[in-house]
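Below is one structure; the comments refer to it alone.
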Amino acid sequence: MPHVTTKDVKEKFNLTLVSGEEGIGRHIAISDISRPGIEMAGYFMHYPSNRIQLLGKTEVSFFQLLTPKEKEERMMKLCAQDTPVIIISHGMEVPEELIEASNKNSVPVLTTNMPTTRFSSKLTNFLESRLAPTTAVHGVLVDIYGVGVLITGKSGVGKSETALELVKRGHRLVADDCVEIRQEGEDTLVGSAPKLIEHMLEIRGIGIIDIMTLFGASAIRSYKRITLVIELELWDAEKTYDRLGLEEEKMEIINTAITKHTIPVRPGRNLSVIIEVAAMNYRLKRMGVNAAEDFAKRLDDVISQNEENEY
């Protein structure tokens, strides 16, 4: 499972550690961030202590109005056992009561010079990206005319060779053999290559080739949103393949349904051109142009006219 520690956040945003150093390795389980304003007022009934606690000018200025006893009590409750970190924005001075409580409970206190809203936005994006559900799929991911196409199929069916031909035609490789996929939002899957095989492509008979070295930086991408799946399979004479495209097949990845086409492979078929056309046709459908539906409508019109002529 993906995880983030307080140390990761500190290093990512170059934050300053003030106190609670013993807890710098605490795990952050969720991407939600808490602004404990009502907690400063003394209400801890529904305190989301397992979230990152972000204090801005409002929270700190209100805290200064409290009595010494209230300050000590509130900060002890704020530094709960499962609180991963407390961050203070605007580079404000950390209250002594918070430093004492954080050291006692080993809850790290960090500071940033960034404004509260801006830092909250950046931190949320970082956490959602790092904590997103992930999986790995055996296949090839290529950016074709802006469409992220995941090519799948059994080993030896020609996925990598097809990807190489697509790169030669001006498209961009994202990942070969293993595609790491993370869900960055609802119905949003983003694929990338493992660091070990980034920019690499395996061609049987030749071996491993470096696409960036051979074709330049414009031939690769670090990541791409996946919107179309192409499954390659050996031609089966007993199987009936879709010839009109009226029904849209789906493939589910991390609870997200992605449009899928199954393309039979046999000698003489130019797979790279077929996949290229599939990507262009997908874009047209998203723009409201559906050739299969137009053809079906024309066919219905012709049948209706013939029936009328018979009468």
Side-chain angles (χ1 to χ4, degrees), residues 129 132 135 137-153 157-193 199 201 211-212 215-233 241-266 268-301:
S129 176
T135 188
V137 173
H138 175 63
V140 181
L141 181 57
V142 186
D143 178 1
I144 304 174
Y145 296 125
V147 178
V149 180
L150 176 64
I151 305 172
T152 63
V157 76
K159 300 185 295 294
S160 297
E161 290 80 0
T162 302
L164 178 60
E165 180 64 26
L166 286 167
V167 169
K168 287 184 65 180
R169 293 175 67 86
H171 306 294
R172 295 187 282 181
L173 175 73
V174 181
D176 175 52
D177 191 48
C178 178
V179 182
E180 293 183 343
I181 302 174
R182 64 182 184 275
Q183 187 178 40
E184 293 199 343
E186 188 175 354
D187 298 329
T188 302
L189 299 177
V190 177
S192 59
H199 311 155
L201 194 68
I211 292 297
M212 187 170 69
F215 298 96
S218 62
I220 55 99
R221 279 198 66 151
S222 298
Y223 58 88
K224 179 64 183 175
R225 180 183 177 185
I226 301 171
T227 51
L228 179 64
V229 176
I230 300 290
E231 182 176 3
L232 303 181
E233 67 173 37
Y241 294 100
D242 187 8
R243 299 183 65 180
L244 293 179
L246 288 173
E247 295 183 3
E248 198 171 74
E249 189 180 357
K250 296 287 185 179
M251 176 178 178
E252 192 169 283
I253 304 175
I254 318 180
N255 301 319
T256 300
I258 303 293
T259 300
K260 174 187 172 184
H261 296 307
T262 301
I263 298 179
V265 178
R266 71 175 181 181
R269 303 201 87 200
N270 193 327
L271 295 178
S272 60
V273 172
I274 294 172
I275 293 175
E276 194 177 58
V277 170
M280 290 189 290
N281 192 50
Y282 174 84
R283 287 187 63 185
L284 279 176
K285 285 183 177 180
R286 299 284 80 78
M287 295 167 64
V289 180
N290 193 318
E293 290 180 356
D294 290 344
F295 173 75
K297 186 176 182 302
R298 290 182 194 178
L299 187 60
D300 289 340
D301 291 342

Going from [atom1] on [X] to [atom2] on [Y], what distance comes out if it is rounded to the nearest 0.5 angstrom?
X: T162; Y: L271; atom1: OG1; atom2: CG; value: 4.5 Å
X: E249; Y: T259; atom1: CD; atom2: OG1; value: 10.0 Å
X: I144; Y: M280; atom1: CD1; atom2: CE; value: 9.5 Å
X: T262; Y: E231; atom1: OG1; atom2: CD; value: 5.0 Å
X: N255; Y: D187; atom1: CG; atom2: CG; value: 10.0 Å
X: K260; Y: L150; atom1: NZ; atom2: CG; value: 10.5 Å

Any carboxylate oxygen within less than 4.0 angstrom of a Lys/Arg side-chain nitrogen, looking at K250 and E252?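 No, K250 and E252 are not salt-bridged.
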Test: side chain to side chain donor-acceptor pair (under 3.5 Å). Region: residues 218-227. Which pairs qualify, not counting sequence neighbours?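 Every pair satisfying side chain to side chain donor-acceptor pair (under 3.5 Å) with a residue in residues 218-227: D143-R221.
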For H261, check ring pair (Phe, Tyr, Trp, His ring centres under 6.0 Å) against everything at least two apart and list the hits.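 With sequence neighbours excluded, H261 shows a ring pair (Phe, Tyr, Trp, His ring centres under 6.0 Å) to no residue whatsoever.
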What's the shortest heavy-atom distance between [X] and [Y], and which atoms?
X: I230; Y: A278; answer: CD1-CB, 4.0 Å
X: S160; Y: D176; answer: OG-OD1, 2.8 Å
X: L201; Y: A163; answer: CD1-CB, 4.4 Å
X: A279; Y: V149; answer: CB-CG2, 4.1 Å
X: L141; Y: G148; answer: CD1-C, 4.1 Å
X: V167; Y: A219; answer: CG1-CB, 3.9 Å

Taking the side chain as every heavy atom from C-beta outward, state whether [X] and [Y] have any pair of such atoms under 4.5 Å apart.
X: L164; Y: I211; value: yes
X: R172; Y: I220; value: no
X: L189; Y: I254; value: yes
X: L166; Y: I151; value: yes

Given the rule in the side chain to side chain contact (heavy atoms under 4.5 Å, CB included) test, do S192 and R182 qualify, once you have shown the distances and angles that lead to the verdict? CA-CA 9 Å; S192 59; R182 64 182 184 275; 4.0 Å; yes
Under the criterion side chain to side chain contact (heavy atoms under 4.5 Å, CB included), I'd like the reasoning laid out for V142 against I275: C-alpha separation, chi angles, the key distance, then a yes or no. CA-CA 10 Å; V142 186; I275 293 175; over 6 Å; no
Can any side-chain N or O of K159 pair as donor or acceptor with the backbone N or O of L232 at less than 3.5 Å?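 No.
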Pairs flagged by salt bridge (Lys or Arg N to Asp or Glu O under 4.0 Å) wherever residues 269-280 is involved - sequence neighbours left out: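 Counting only pairs at least two positions apart or across chains, the salt bridge (Lys or Arg N to Asp or Glu O under 4.0 Å) contacts touching residues 269-280 are R169-E276.
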